[in-house]
Amino acid sequence: RGKKAFIAGVADDQGFGWAIAKALQEAGAEVSLGVWVPALNIFETSYRRGKFDESRKLSNGKLMEFKHIYPMDAVFDTFADVPEDVATNKRYAGNSGWTVSEVAERVEKDIGKIDILVHSLANGPEVVKPLLETSRKGYLAALSASAYSLVSMVQRFGPLMNQGGAVISLTYNASNRIIPGYGGGMSSAKAALESDTRVLAYEAGRKYKIRVNTISAGPLGSRAAKAIGFIDDMIKYSYENAPIQKELDAIEVGNVAAFLLSPLASGVTGHTMFVDNGLNTMGLAT
Ligand code: NAI
């Protein structure tokens, strides 16, 4: 039986979510997406116009397909949580059913049970500000979009998951080590995400018999990373200092995700796995 996957956090072909989708399809899974509401229109237009066709190519020559594409905003759990200004915002008003609980309901109705849940999203409105200058609002927004969103997804999608299923998210080593420039509470959000991965592994492991892991990825020039501003420097730093001196390819993260989400990793849960060319192991810049 082909596995069924839902991936939240794809809005172009540049990020980790896309690469995970690709690795999962190479392994025979059926993939549906949750796309951030304000990004959905441009994603669907680009997709229809063939802008992603080159990167949709699978090794068997076929193009990657998505079973369903849902609008989603992981900052809201139920429709009752949506403030008036968002509900009436013109980028949101044309869409419906995009809060986490509503997307889970739609997935259950359209797909039924799923095996794989991927959280590949983050947002920190004050990411460019040092923690010393971050407002309470900005800090909490980073935690809400980048950490609580995983908790919310496991709460709502856990009941739809087959036993033996697995959840994965993406984290960054700014949770453990000081990465000047990764501000706005994003380092705090990643620390929370990694801690929550352990607690969710226990709670959802007992309750739903599913596994929960996270991948701590090296730098990638995705859209989200470009918004932070110093990604080119990070890529260069990693190239110069990591044990393996090459640029990280998103598919390397996709492949490890496919492994962690597969029965090959049936004994692995609550784990933060580095896919960073080994940079995290260095104690001294070279
Ligand atoms: P990306 O831009 O491809 O993915 C981030 C996605 O999050 C976007 O599709 C965006 O539309 C979506 N998003 C933002 N707010 C949302 C919300 N409220 N609801 C639903 N979706 C929302 O960039 P990337 O880099 O692939 O990010 C994926 C994950 O990888 C993130 O958790 C990021 O922190 C993590 N990561 C990225 C690294 C990098 O160097 N690019 C390094 C380590 C981790």
Side-chain angles (χ1 to χ4, degrees), residues 6-22 33-43 46 52 55 69-77 81-82 86 91-92 95 98-100 102-103 118-125 127 141-150 152-153 168-177 179 181-182 184-194 197 214-238 247-254 256-257 272-277 279-280:
F6 176 78
I7 304 181
V10 174
D12 59 34
D13 61 352
Q14 301 295 307
F16 289 127
W18 177 275
I20 294 169
K22 219 167 157 182
L33 300 181
V35 179
W36 195 28
V37 190
L40 180 66
N41 201 5
I42 176 135
F43 177 71
S46 306
F52 304 136
S55 40
I69 297 178
Y70 302 97
M72 180 170 175
D73 194 323
V75 156
F76 303 106
D77 302 314
D81 298 330
V82 180
V86 176
R91 292 197 292 180
Y92 283 77
N95 291 292
W98 43 258
T99 64
V100 178
E102 292 169 294
V103 176
V118 179
H119 174 286
S120 182
L121 62 99
N123 207 356
V127 66
L143 268 287
S144 171
S146 313
Y148 187 78
S149 53
L150 174 71
S152 176
M153 282 176 62
I168 198 136
S169 67
L170 271 301
T171 186
Y172 182 47
N173 203 23
S175 55
N176 300 302
R177 302 281 174 233
I179 311 278
Y182 197 74
M186 280 305 299
S187 56
S188 330
K190 292 307 192 188
L193 185 76
E194 290 170 27
T197 296
T214 187
I215 292 178
S216 187
L220 174 80
S222 63
R223 181 192 295 226
K226 283 180 182 142
I228 307 172
F230 65 107
I231 188 67
D232 292 338
D233 295 339
M234 293 303 294
I235 291 171
K236 184 161 175 277
Y237 181 91
S238 178
E247 209 171 300
L248 186 72
D249 193 317
I251 199 65
E252 296 179 281
V253 167
V256 173
T272 299
M273 181 167 289
F274 285 100
V275 183
D276 67 344
N277 288 319
L279 182 65
N280 75 91

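Whatever order the structure lists ligands and atoms in, that order sets their numbers, starting from 1.
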Donor + acceptor pair across side chains of S222, Q14 (<3.5 Å)
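No.
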
Would [X] count as a contact of ligand 1 if the rule is a heavy atom under 4.0 Å away?
X: K190; result: yes
X: G218; result: yes
X: A145; result: no
X: L193; result: no
X: S120; result: yes

Judged on heavy-atom distance to atom 44 (C) of ligand 1, which of L170, T171, T99 sits nearest?
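Of the listed residues, T171 has the closest heavy atom.
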
Using heavy atoms and a threshold below 4.0 Å, how should the contact between [X] and ligand 1 be classified: side chain, backbone, both, or neither?
X: A74; answer: both
X: V10; answer: backbone
X: N123; answer: side chain

Min N/O separation [X] to ligand 1 under 3.5 Å:
X: M186; answer: no
X: D73; answer: yes
X: G17; answer: no

Tell me if the CG atom of N41 is crowded by more than 12 foreign heavy atoms within 6.0 Å.
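Check fails, neighbour count at 12 or below.
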
Identify, for atom 37 (C) of ligand 1, the protein heavy atom at the shortest distance, and state residue, atom and that distance.
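Checking every protein heavy atom, the shortest distance to atom 37 (C) of ligand 1 gives F16 CE1, 3.5 Å.
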
Considering heavy atoms of the protein only, find what lies nearest to atom 22 (C) of ligand 1 and give residue, atom and distance to 0.1 Å.
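Protein heavy atom with the smallest distance to atom 22 (C) of ligand 1: W36 CG, 3.5 Å.
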
Suppose I only count heavy atoms of [X] and a 4.0 Å limit; which atoms of ligand 1 are within that range?
X: P219; value: 40 (O)
X: A122; value: 7 (O), 14 (C), 31 (C), 32 (O), 34 (O)
X: S222; value: 23 (O), 24 (P), 25 (O), 26 (O), 41 (N)
X: G15; value: 3 (O), 26 (O)
X: G9; value: 4 (O), 6 (C), 9 (O)

Decide if the gap between the ring center of W98 and the ring center of Y92 is smaller than 6.0 angstrom.
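Yes, the ring centres sit under 6.0 Å apart.
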
